[in-house]
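Lettering of chains follows the sequences in order, A, B, ..., and the numbering in each one begins at 1.
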Amino acid sequence: MSDWQPGTSLHSLQRRAQIMSLVRNFFASQSVMEVDVPVLSKSGVIDLNIDGICATLAGAPAYLQTSPEYFMKRLLASGSGDIYYLGKAFRDSEIGHKHNPEFTLLEWYRCGWDEHQLMCELGDLASQLINRRGVSDLRVTKISYADCFQDKFGIDPHQTSLSDLQGLAVKAGSSSWAGETRANCLDLIFSLEIEPHLQKGLVLVYDYPECQSALAATTTADKGYKVSRRFEGFLNGLEIANGYFELCDPVEQRRRFNQDNVARQATGKPVWDIDTKLLDAMRSGLPACAGVALGLDRLLMSDLEVESIDQVMPFSWLRC
Amino acid sequence: MANYSTNEFRSGLKVMLDNDPCSILENEFVKPGKGQAFNRVKLRNLKTGRVLDKTFKSGESLEGADVIDMDMQYLYSDGDFWCFMEPDTFEQHQAAVSAVSDALVWLSEQDICVVTLYNGTPLSVTPPNHVELEIVETDPGLRGDTAQGGSKPARLSTGAVVKVPLFLDQGDVVKVDTRTGEYQGRVK
């Protein structure tokens, strides 16, 4: 096969078109408005582990957005009400069987909802999308992050000592994890030891560790420690969605941006300018809301039961 | 040796891991949405032959291993060492039993083998994919029984024991695939 041809089959192209249309119908029926926000911005999204792709616009840097989150939050703060975005996002250096630097993201926000209500809706949407011959048999289960670790290792991931986590990470990964941070050890253990054994269907994992909050609000759990009001969705063991009860406090948001930039600098990564327009929007008042982003290509991979993202994209980066 | 970063890991690359030379078999990029990227790497320890699964942080690097594969002719053994010669330079290399143990049952003098050198010393020896060896011991051949498809064990001149068809006899020469140890055919 030569390079000019798409990596996807005609069937997979049709399925993509069908799913995008189902998504739009779903949100139209729920009165959630589609918003077509920019993918190019003067600011980058700041996240320790996500790198934007920098373009040049009239000699000045311009950033391809790693997610539509900042623009969508500015719309929410300006009174848009419930909104969704279905379009492209870009992440530097993410190339592999499950990664493409340009990918299709569905992100939506529900005003006045918490993360558990949004998880419910994610389950409804996924059941409508992953639906063969009109019958949905998608099993949706919820489990807390702590229970995942409790079931597998008998430990509480929020309270176990760092050295114990490093020990588990070294065992699962390699000796290079001996000095790693809590967040990195947890991610490694989860990815290698827990994710592959999650139940079939859609598994929603909630109450992430505080150190992995990103843009989620935090809360104090029953046992007295803080957890992040963040959840992730795994479809047949494949990570497809990440959602939050959104952090609305601009002061805390600025603190996390600075913290991420310090950590980025420490690992030799470029430091991004803070998007002050987002902070201004939060200061003016971001309504209490929950939001989630879902990787549409991953969902298609799971739906079509294929191993590589190249098989569900018209042209993955390999062919561009 | 140069250092190789995880994004340069390709199948066949030789690297040092925990002081042993290893050959990379597979390299998979993994990244939790919000987490740090890492690479799941399958490697073969070239000393022990064991396959290892290791996960490295993306961007981490390993030192390259001074490992090269070279065609050499097997000359002789004095019982302690096995002597191989580079055909171009006639330079000779002494391989210890640990390097030749897996190849021993297939080796005949003058065979061209692949010798893997680590820091200039033979680390392992891969015999030719196909060798022709004489049967030195087997049950008597059953004439006419060529169609039945039965088999019997036969000891070859190098000591290997392979399954051969019933009609073969002591003194016959057979072709064997050294990778599977399977009989390929009779050599007239």
Enquirer: Would you kindly check if the NZ (Lys) or CZ (Arg) of A/Lys142 is within the cone defined by 45 degrees around the ring axis of A/Tyr206 and under 6.0 Å from the six-membered ring centre?
Expert: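 Yes, a cation-pi geometry holds between A/Lys142 and A/Tyr206.
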Enquirer: Is there a donor-acceptor contact under 3.5 Å from the side chain of A/Asp297 to the main chain of A/Thr104?
Expert: yes
Enquirer: When you check the gap from the basic side-chain N to the acidic O, do B/Lys47 and B/Asp20 get nearer than 4.0 Å?
Expert: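 Looking at B/Lys47 and B/Asp20, the cut-off is met.
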Enquirer: How about A/Tyr145 and A/Phe190: are their ring centres within less than 6.0 Å of each other?
Expert: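 That pair passes the under 6.0 Å test.
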Enquirer: Looking at the rings of A/Trp272 and A/Phe257, which for Trp means the six-membered one, are their centres under 6.0 Å apart?
Expert: no
Enquirer: Relative to chain B, which of A/Leu192, A/Thr267, A/Leu186 shows the most heavy atom pairs under 4.5 Å?
Expert: A/Leu192
Enquirer: Given that the side chain runs from C-beta out, which part of A/Thr181 has a heavy atom under 4.5 Å from chain B: side chain, backbone, both or neither?
Expert: neither
Enquirer: Using non-hydrogen atoms only, which part of A/Ala214 is less than 4.5 Å away from chain B: side chain, backbone, both, or neither?
Expert: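 Only the side chain of A/Ala214 comes within 4.5 Å of chain B.
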Enquirer: Quick one: what part of A/Glu195 sits under 4.5 Å from any heavy atom of chain B, side chain, backbone, both or neither?
Expert: neither
Enquirer: For each of A/His97, A/His99, A/Arg91, A/Lys98, tally heavy-atom pairs with chain B at distances under 4.5 Å, and name the one with the top tally.
Expert: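 Max contact count across the listed options: A/His99.
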Enquirer: Where on B/Phe56 is there a heavy atom nearer than 4.5 Å to chain A: the side chain, the backbone, both, or neither?
Expert: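 Both backbone and side chain.
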Enquirer: With respect to chain A, which residue among B/Lys57, B/Glu60, B/Arg40, B/Lys54 yields the maximal number of heavy-atom pairs within a distance under 4.5 Å?
Expert: B/Lys57
Enquirer: Between B/Asp172 and B/Arg186, does any side-chain N to carboxylate O distance fall below 4.0 Å?
Expert: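 A salt bridge is present here (some side-chain N lies under 4.0 Å from a carboxylate O).
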Enquirer: Heavy-atom cut-off 4.5 Å, strictly under: side chain, backbone, both or neither for B/Glu28 against chain A?
Expert: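 Just its side chain gets close to chain A.
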Enquirer: Can you say whether A/Ala172 sits under 4.5 Å from chain B via the side chain, the backbone, both, or neither, judging by heavy atoms?
Expert: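 The backbone, not the side chain.
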Enquirer: Among A/Glu239, A/Gln212, A/Arg230, whose side chain to side chain contact (heavy atoms under 4.5 Å, CB included) with B/Lys34 holds?
Expert: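 Between B/Lys34 and the candidates, side chain to side chain contact (heavy atoms under 4.5 Å, CB included) is satisfied uniquely by A/Arg230.
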Enquirer: Non-hydrogen atoms of chain A under 4.5 Å away: do they reach the side chain of B/Asn7, the backbone, both or neither?
Expert: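 No part of it gets close to chain A.
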